[in-house]
Colleague: 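Could you have a look at this structure, given as structure tokens, before my questions?
It should be emphasised that the depicted structure is a prediction, and the values quoted were computed from it without experimental measurement.
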Amino acid sequence: MTHYEGDLRAIEGTRYAIIASRWNARIVDALVAGARRELAGNGVAEHQVDVIRVPGAWEIPLVAARLAQAGKHAALLALGCVIRGDTRHYRQVADGCAEGLMRVQLDYRIPVLNGVLAVEDAADAEARAGGSHGNKGEEVALAAVELVNLLEALP
């Protein structure tokens, strides 16, 4: 039996893109900082990371599709924050973004990591952006490096 597993060694010359929402900027900036820190800590040089800012989470899948089609990045990291409000809009944005990211990943066969928080309130967002629940930006950065490594190893 053959066993395949990625590790956290960045493959030389690979590029990563962070697509980040400007909405809920304080939270998203903490996610971006965490992702950049983890990428750097695992051998991805700063010049190998592009950060693209979009208005909100709804716009992330469109930009992800454009970048995936261009084929210059080994993985795309989507970072944003959608906080529940008084209407259904929260659910539409969060679910639509997640579905769009999955579609890009499968259509273009490139890792697209979903680090878009869908949370109940600001305290929940803070807990996931460097607080008591860690930093989702760091988590998706590690997953991105591992997936790129794994895809290189697969036949």
Side-chain angles (χ1 to χ4, degrees), residues 4-11 14-65 67-68 73-106 110-153:
Y4 294 97
E5 188 173 338
D7 62 33
L8 295 175
R9 282 181 301 110
I11 296 171
T14 56
R15 298 190 63 75
Y16 294 79
I18 298 171
I19 308 165
S21 167
R22 286 193 307 269
W23 196 261
N24 293 314
R26 187 174 56 78
I27 298 298
V28 179
D29 289 349
L31 298 174
V32 171
R36 293 180 74 163
R37 190 171 45 250
E38 285 301 319
L39 288 171
N42 285 282
V44 179
E46 187 174 327
H47 71 274
Q48 293 173 271
V49 179
D50 296 316
V51 178
I52 300 96
R53 291 291 186 154
V54 298
W58 188 256
E59 293 79 23
I60 294 173
L62 174 63
V63 173
L67 294 174
H73 297 93
L76 309 175
L77 291 69
L79 301 175
C81 181
V82 183
I83 300 174
R84 182 183 297 279
D86 295 328
T87 67
R88 294 181 20 161
H89 185 68
Y90 150 90
R91 182 166 306 212
Q92 292 169 330
V93 172
D95 291 349
C97 179
E99 290 168 10
L101 294 173
M102 181 58 74
R103 182 174 163 192
V104 171
Q105 178 169 255
L106 296 175
I110 178 177
V112 179
L113 292 297
N114 185 354
V116 178
L117 303 177
V119 296
E120 294 296 319
D121 52 40
D124 197 14
E126 290 171 6
R128 286 164 171 69
S132 61
H133 293 294
N135 185 308
K136 190 66 167 178
E138 293 174 355
E139 292 174 21
V140 298
L142 292 173
V145 172
E146 182 178 344
L147 273 172
V148 169
N149 188 285
L150 174 61
L151 291 174
E152 272 296 307

Colleague: Please find the pair of heavy atoms, one from C97 and one from A57, that lie closest to each other, and give the distance.
Modeller: SG-O, 3.4 Å

Colleague: Identify the heavy atoms of A64 and I19 that sit nearest to each other, and give their distance.
Modeller: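 Of all heavy-atom pairs spanning A64 and I19, the closest is CA-CD1, 3.5 Å.
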
Colleague: Would you mind telling me which of I27, N24, I83, V82 makes a side-chain contact (heavy atoms from CB on, under 4.5 Å) with L117?
Modeller: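 With L117 as partner, I27, N24, I83, V82 yield a single side-chain contact (heavy atoms from CB on, under 4.5 Å), made by I27.
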
Colleague: Should L79 and V116 count as side-chain neighbours, where that means a heavy-atom distance under 4.5 Å?
Modeller: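 L79 does not reach V116 side chain to side chain.
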
Colleague: So, for A10 and V145, which heavy atoms are closest and what is the spacing to 0.1 Å?
Modeller: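 Between these two residues, the closest heavy atoms are N-CG1, 3.9 Å.
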
Colleague: CZ of R37: more than 12 outside heavy atoms within 6.0 angstrom?
Modeller: yes

Colleague: Quick one: CG on L77 to CD on E38, what's the gap to the nearest 0.5 Å?
Modeller: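 Nearest 0.5 Å value for the CG-CD distance: 11.5 Å.
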
Colleague: Which heavy-atom pair separates L31 from G115 by the least distance, and what is that distance?
Modeller: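 What the structure gives for the nearest pair is CD1-O, 3.9 Å.
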
Colleague: A17 and I52: which non-hydrogen atoms are nearest, and at how many Å?
Modeller: CB-CD1, 4.0 Å

Colleague: Please check: side-chain N/O of N42 versus main-chain N/O of L142, any donor-acceptor pairing under 3.5 Å?
Modeller: no

Colleague: Exactly one of I60, D50, L101, I110 should register a side-chain contact (heavy atoms from CB on, under 4.5 Å) with L76. Which one does?
Modeller: I110

Colleague: If you draw a 6.0 Å radius around CZ in R53, do more than 12 non-hydrogen atoms from other residues or ligands fall strictly inside?
Modeller: yes

Colleague: Sequence neighbours left out, what passes salt bridge (charged side-chain N to carboxylate O under 4.0 Å, His left out) with E139? Give chain and number order.
Modeller: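 Testing E139 for salt bridge (charged side-chain N to carboxylate O under 4.0 Å, His left out), a comparison that skips the adjacent residues, returns K136.
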
Colleague: Would you say the side chain of V28 lies within less than 4.5 Å of the side chain of W23, judging by non-hydrogen atoms?
Modeller: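 No - every pair of side-chain heavy atoms lies 4.5 Å or more apart.
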
Colleague: Within the distance-only criterion (no hydrogens, no angle test), does the side chain of R15 pair as donor or acceptor with the backbone N or O of H47 below 3.5 angstrom?
Modeller: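 Looks like yes, one N/O pair under 3.5 Å.
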
Colleague: Roughly how far, to the nearest 0.5 Å, is the CG atom of L151 from the CD atom of E146?
Modeller: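 Reported to 0.5 Å precision, the distance equals 10.5 Å.
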
Colleague: Got a donor-acceptor contact below 3.5 angstrom from the N149 side chain to the R9 backbone?
Modeller: yes

Colleague: Between Q48 (side chain) and T14 (backbone), is there a donor-acceptor pair under 3.5 Å?
Modeller: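 Present.
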
Colleague: Identify the heavy atoms of W58 and V93 that sit nearest to each other, and give their distance.
Modeller: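 It is CE3-CA, 3.8 Å.
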
Colleague: When you measure from the side chain of D124 to the backbone of V119, do you find a donor-acceptor pair of N or O atoms at a distance under 3.5 Å?
Modeller: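 No; judged by distance alone, with no hydrogens or angles, the pair does not exist.
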
Colleague: Between E99 and G96, is there a donor-acceptor pair closer than 3.5 Å when you use the side chain of the first and the backbone of the second?
Modeller: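 Flag not set: sc E99 to bb G96 has no pair under 3.5 Å.
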
Colleague: Please round to the nearest 0.5 Å and tell me the distance separating atom CD of E152 and atom CG of L147.
Modeller: 12.5 Å

